[in-house]
Amino acid sequence: MHTIYSLSFSGSGALLYGVGKDGHGRTVVVAWSTSQVGRGGQVVVLAKVHTDLDIQAFRVAFFDGTRMASCGRGSLRLWRLRGGTLRSCSVDLGEYCTLELTDLAFVQAQDGHRAPLDYTLYVCSRNGHILEIDHQRMAVRCIRRLLPSRTPGSSLPQKSTFSSGLGIAISSLSISPTVCAVGSEDGCLRLWPLDFSSLLLEAEQEGPVSSVCFSPDGLRVLSTTSSGHLGFLDIPSQEYTVLARSHMAPVLAISTEQSRGQLATVSLDHTVRIWDLATLRQLYDCTSSDEAPSAVALHPKSPAVFCGFSSGAVRSFSLETAGVLAEHTCHHGTITGLVVTPDGNFLFSSCSQGSLAQYSCAVSQCPVLCVAVNAVCQDAHPGPNTLAVSGDSRLLAFVGPSKYTVTVMDSASLNELLRVDVSTLDLASNHLDWAVAICFGPAALGHLLVSISSDKVVVLDALSGRTIRELPSVRPIACSSLALSEDAHFLLTATSRAIRVWNYWTQADSSCQVYIGHSEPVQAVAFTPDQQHVLSVGDAIFLWDVLATPDSGRSMPRVPLAHEVGPGPGQLEDPACGADRLPGQLEGAACGADGLPRQQVPVPSQGPPPRLDMCAMPPEGNDGTFCMSNEEELCKESQGPPVLVERETGGAGSAAWGSVRRSQGLFMSPLCHSWSSTRSIQEARAQPLARPDSYKHFTARYKASTVAESTSFPPEGAKQLHLRTVVGYNGNGRANMVWKPDTGFFAYTCGRLVVVEDLHSGAQKHWLGHPEEISTLALSHNSQVLASASCCSSAAARCQIRIWDVPGGLCQQLIFHHNTAVQALAFSPDDKLLVSLGDYGDCTLALWSTATYELVSSACLLESMHGVAFNPWDASELTCVGTGSVAFWFLQQRGADVNLQMHREPVPEEVGAVELTALCYGAAPLLYCGSSSGQVCVWDTCAGRCFLAWEADDGEIGVLLCLGSRLVSGSNTKRLRLWSVGAVPELRRKGSGARSSSVFMERELTLDGAVVSASFDSSMDMGIVGTTAGTLWYVSWAEGSSTRLVSGHRSKVNEVVFSPDESHCATGGEDGSVRVWSLASMELVIQFQVLNQSCLCLAWSPPSCGHPEQQQVVAGYSDGTLRVFSIARTSMELKMQPHRAALMALAFSTDGQTILSGDKDGVVAVSRLRTGITFRVLSDHQGAPICTIQSTSKKYGDLGVEGTDLWLAASGDQRISVWASDWLRDCCDLLDWLSFPAPATLEASGLPPPSLAAFCPWDGALLVCVGLGAHEEVVFYSLRQKQVVEKMSLPFFAMSLSLSPGARFIAIGFAECTLRLLDCMSGVAQDFTGHDDSVHLCRFTPSARLLFTAAHNEILVWEVMGHGCS
């Protein structure tokens, strides 16, 4: 028999019956004689039979061991063993012959009219039927059906039909003399009398019930569930007790913790479980249906567990609150390793893509400190020995970057200390070895154990990499997991389904002791924290007792030389492995038939364990970034001693760098030494930093575009384009909007532009110059100077800070210091100083003199900071907020030098371990700080203490503003709140006893995105607020209203179309919105929103459609649907789906009655708008996406073809088809077909440029094409001459194209963030900058007066100078 499904003993135990499958998949029933086993005899096969029947249950009659019954799908058979032969006969089920029978049971009849030896067979089905069978007559006595809902006490019919409703899906039944127990897939155990007249008892289980069984006395019912629970129902007390819980699939990894004596396991059943090692009781479990856990680690000191998942997520769960503490998604592959240092300071994770991440466990959020790519071997499978840390928490080891090397790093700094090539350790081998698993020995030994593919375990010196010894072959396969006891006496190795135990120091014998018991490969082995037991997991969790331990008085042996060592004899024993056992030292405690070998019986849980919340924290996107020294070149230049020193508060003298974290004060040297001090602290930083889990922290939007190196900028006075309007606000910036109510100055950023707008007239001025996205702004208190900061890039090695003269609108100064991005800017109250704060990758604070804009002083920070502010009543003080603390900086003037002294105050324990994300000063001496958990903390800056905190929001607070007795808070929950804080100064006198009941919320507004910038007037009655949705709102607290001032698309803009009279334009975006704008003011008029789809193309009905009130906008979406919107009625009039793939291009016919659409698969469909019917489908371009569809009118018979419509389609395979059509006659003829050689791919995206073509407005028989051919050029093709008539070279491949209906201008957008206007008459080209990304869209208005261009979500409106016809 190849597979056994069922085993059943007869009542006497003399016969054993088995049901299974043979090697060919046929069902086999076997009968064995076991009567001689107790006397030392053998088990003898009595009978064996093959059958094609479906057997789901097989039962032996309790009154006769030679009679059996089986049931299955459409089958109920009675069996008899006689004369060494198994025979069976079928029971006629009549109309119920198609039932899926699931279980059966014999019971003695209790009816007084029947003979005492009359027995009944009960059979259940998945449809809820209970069949009562007379086994002697082989006939159905009666049939009942159990329904899930009924009136208690009502009798069920003796015979039920299939139309009686859905019955209970019964999976198992068991019968006592008076009661029938039924287990069902709805998770209930039910007790019925044998006449099934009423329900006696019902017990709900924690999963579908798979089997039930009465105890011999009939007072208890044992049940199992498909979710791995075993328990029993006590009928007299009506109480249910869970005896055991288990995983339902192989266990992948384990982790133990000493202080609480807990065990954590993860399994392929998508569960994470926490167990008590002392009682074997399950304490917690959590289930993730979407992703499987692959690694687990318990925190050694805090009640927390870390889990890695197949999606690449790493989550931290609290074992106290049963909730998610933090979630990180810096990995992009399955988590293969997870380990915490024994001191609890760091967590490390690795993934199948080869990345290694380091986290800080000092706070509950466990922020990512560093992510290293291509560090860990990508061939590694999830396992407990993928990563290893030394016992003293100083070293981290892993297999990588290839499987042939093992790397050892410093666990704090991730500096590589050692790399060992294990491929050639065995010089006699003719093949390369690779590392399979690793583990550290006790810290005093300094050993690193590596299991290699040649079936050996190599012991290396963890510092030098020298081979100390080799354990002999552990064949047949390499060791997949290994563990060394704390006293270094026993080594455990797991190979396939066996566990081997070695005496680590014995040299005379090379043998080991082997233990079997697992039916599947062992995934992990480990010693329990008390070293008294061994854990092994695979198909189940095995707990082994260590029976013999080394003498307590023995000390750890000396480190032997390589020629002295050799493995010793075996030391373990498993009593469940058989009668013939080696003298051993381990005893199996999880798989014996006689129960658990313990003095104290494990206590079962009485109820379901608490379930950890898997969805408490939504993913924040990629919160782990690659962290490296941002002043690496400066570090290499540093030769002198460090100038930055640490001083204890009130003390003197310097301290070593090791005491930096314990220091309370920081003294910064004068400017003449600041460069060397910056270098020294960069060299000494113990660990790199990664992006904090805070939306307040700025992160530049990813762009694949590059910067143009050669451009043709026009001279002043000769420009053909003038930037008139910028549509949109950069919601990705932070504090990137300023408004001064008394002067009316209002400015914000959009990409790399500073937009200065008149709130009364809407007129804009645009300040250009930044090479990259602007992150933040700051306006001086006298409103005369504006500071703006942009990120670094390939074109700008360091961040630019531009100083603008507000009245003149000119850039006065250009300063550099930060290396990645600037998080915040602030002017001192007297406007004499400007402070700039670097982001997490820079971690520097710079102080500038506004008189000369020279660097006065700078400091390198130990951790990332989110915000900075000057004390409004003391220009010599400023404050930064960051991870769990407030940093107070004091400026000391010493002649021409400025010294910075810092004092750090931690957040009180009552507030918790939080990130402080926002700050503002209130009435002297109050400082308000917002946190990532939604709390507002109030600090007394004189005393340097926090005396008050309250819950101001449910999410992270990113903006705080305070004036007088009012405080405004904005958060990532989209809420803006106004607080009355007039009583806070009085509460300051109460100190830590202050209560927040005197602080109350006056108003609340919900906006369209997380709040990133805000500015209010002096009374806090009105203000302007910016959100991540790209909207600037005017807020009036008095009216409780919010009015949209500036808005734009949050995601990429895919198309712009115009009404024939140029009164409006419409834009479609990736966010699924179609927005209609007033062309004169560029204010949003209408917005149509389709959820969960992207609007990829648009078309506005032509003038031939009739009156303006009949105008329509047609939009194509990513699901292949086409929607028609009425502008006058502001509603959707029609929805149809002419395509299965995403729509890429749309065009109206000249009469406006027909719409042409092209999709991603190259299919072009022609549809009637009146009926919504698609009457023609063209597949000529199939296989390549349609990039362009354009339609124009022609004279009937022109170009030698009939029809009044001329239209083209261009596809991504560099092919263009030109068609002449008369849609009223259903006529469509191919006029021309153009094919071009494939161009080179773009350097930025690695993709070919789009294939773009358009009919020439000044010559209807001329085609203008870009992106076609092997060269960067504009191609003019004549439909009359059937050839290319002209070419004009371009500096780059074109990403967008538009032809002016007026003057002979061609607008071309490039991936290099440049727009080119080409005069076809003179051949003169003019280039224009201003966009922050690839210019993927260009569109002239019908009058040719304006040109719209788009890059991602930025829309720039250009006025065309000299737009008339040439």
Side-chain angles (χ1 to χ4, degrees), residues 704-705 1054-1055 1096-1097 1116 1139 1141-1147 1156-1165 1177-1192 1206-1220 1228-1256 1259 1261-1299 1306-1312 1316 1318 1320 1334-1338:
S705 59
N1054 289 317
E1055 188 56 278
L1096 301 177
C1097 48
H1139 298 270
L1143 266 70
M1144 306 300 291
L1146 288 173
L1156 294 89
S1157 55
D1159 67 16
K1160 191 176 182 180
D1161 293 338
V1163 177
V1164 177
V1177 175
L1178 304 174
S1179 302
D1180 300 74
H1181 290 273
Q1182 192 163 9
I1186 301 296
C1187 300
T1188 306
I1189 292 181
Q1190 188 187 11
S1191 178
T1192 186
L1206 189 66
W1207 64 277
L1208 64 84
S1211 56
D1213 55 358
Q1214 291 76 47
R1215 295 187 298 171
I1216 301 175
S1217 60
V1218 184
W1219 307 76
C1228 183
D1229 296 320
L1230 180 65
L1231 176 62
D1232 209 338
W1233 183 272
L1234 286 74
S1235 296
F1236 292 84
T1241 59
L1242 297 175
E1243 293 183 2
S1245 62
L1247 300 174
S1251 302
L1252 305 175
F1255 291 109
C1256 189
D1259 185 349
L1262 201 63
L1263 290 185
V1264 181
C1265 312
V1266 294
L1268 302 167
H1271 305 289
E1272 302 94 332
E1273 57 190 5
V1274 182
V1275 176
F1276 295 84
Y1277 179 85
S1278 174
L1279 294 174
R1280 300 185 189 278
Q1281 303 177 28
K1282 303 293 184 180
Q1283 66 180 9
V1284 175
V1285 295
E1286 187 180 357
K1287 294 182 180 181
M1288 301 180 73
S1289 62
L1290 297 174
F1292 317 104
F1293 280 110
M1295 298 299 294
S1296 54
L1297 171 72
S1298 183
L1299 277 66
I1306 299 179
I1308 302 173
F1310 299 115
E1312 288 71 19
R1316 168 162 290 196
L1318 189 61
C1320 294
S1334 171
V1335 184
H1336 67 271
L1337 185 63
C1338 297

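If you're wondering where the values come from, they're calculated on a predicted model, not measured in any experiment.
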So, the side chain of S1251 versus the backbone of S1211: is there a donor-acceptor pair under 3.5 Å, distance only? yes
With Y1277, which residues qualify under ring-ring contact (aromatic ring centres under 6.0 Å, His included), at least two apart? none
Quick one: list whatever passes ring-ring contact (aromatic ring centres under 6.0 Å, His included) with H1181, sequence neighbours left out. W1233
Aromatic plane relationship, W1207 with W1219 - under 30° parallel, 30 to 60° tilted, over 60° perpendicular: parallel
Kindly write out the residues that satisfy salt bridge (charged side-chain N to carboxylate O under 4.0 Å, His left out) with E1272, not counting sequence neighbours, or none if the list is empty. none
I1186 CD1 to S1217 OG distance, which is reported to the nearest 0.5 Å: 7.0 Å
Using every non-hydrogen atom in the two residues, find where I1308 and C1338 come nearest and quote the distance to one decimal. C-SG, 4.1 Å
Closest heavy-atom pair, A1294 versus P1249, reported as atoms and distance to 0.1 Å, is O-CB, 3.9 Å
Picking from L1208, V1284, D1232, what satisfies side chain to side chain contact (heavy atoms under 4.5 Å, CB included) with L1263? L1208
Please report the interatomic distance CD1(I1306) to CZ(R1316), rounded to the nearest 0.5 Å. 11.5 Å
Sequence neighbours excluded, which residues qualify as salt bridge (charged side-chain N to carboxylate O under 4.0 Å, His left out) partners of D1161? none
Using every non-hydrogen atom in the two residues, find where G1269 and F1293 come nearest and quote the distance to one decimal. O-CE2, 4.2 Å
Non-hydrogen atoms of G1267 and Q1214 that approach each other most closely: O-CG, 4.2 Å
Suppose we screen for salt bridge (charged side-chain N to carboxylate O under 4.0 Å, His left out). Which residues come up paired with D1213, at least two apart in sequence or across chains? R1215
Which heavy atom of V1285 sits nearest a heavy atom of Q1281, and at what distance? CG1-OE1, 3.6 Å
Using modelled atom types and a 3.5 Å cut-off, is there a donor and acceptor pairing between side-chain atoms of S1296 and backbone atoms of G1309? yes
What residues, two or more places apart in sequence or in another chain, satisfy side-chain hydrogen bond (donor to acceptor under 3.5 Å, both in side chains) together with Q1190? none
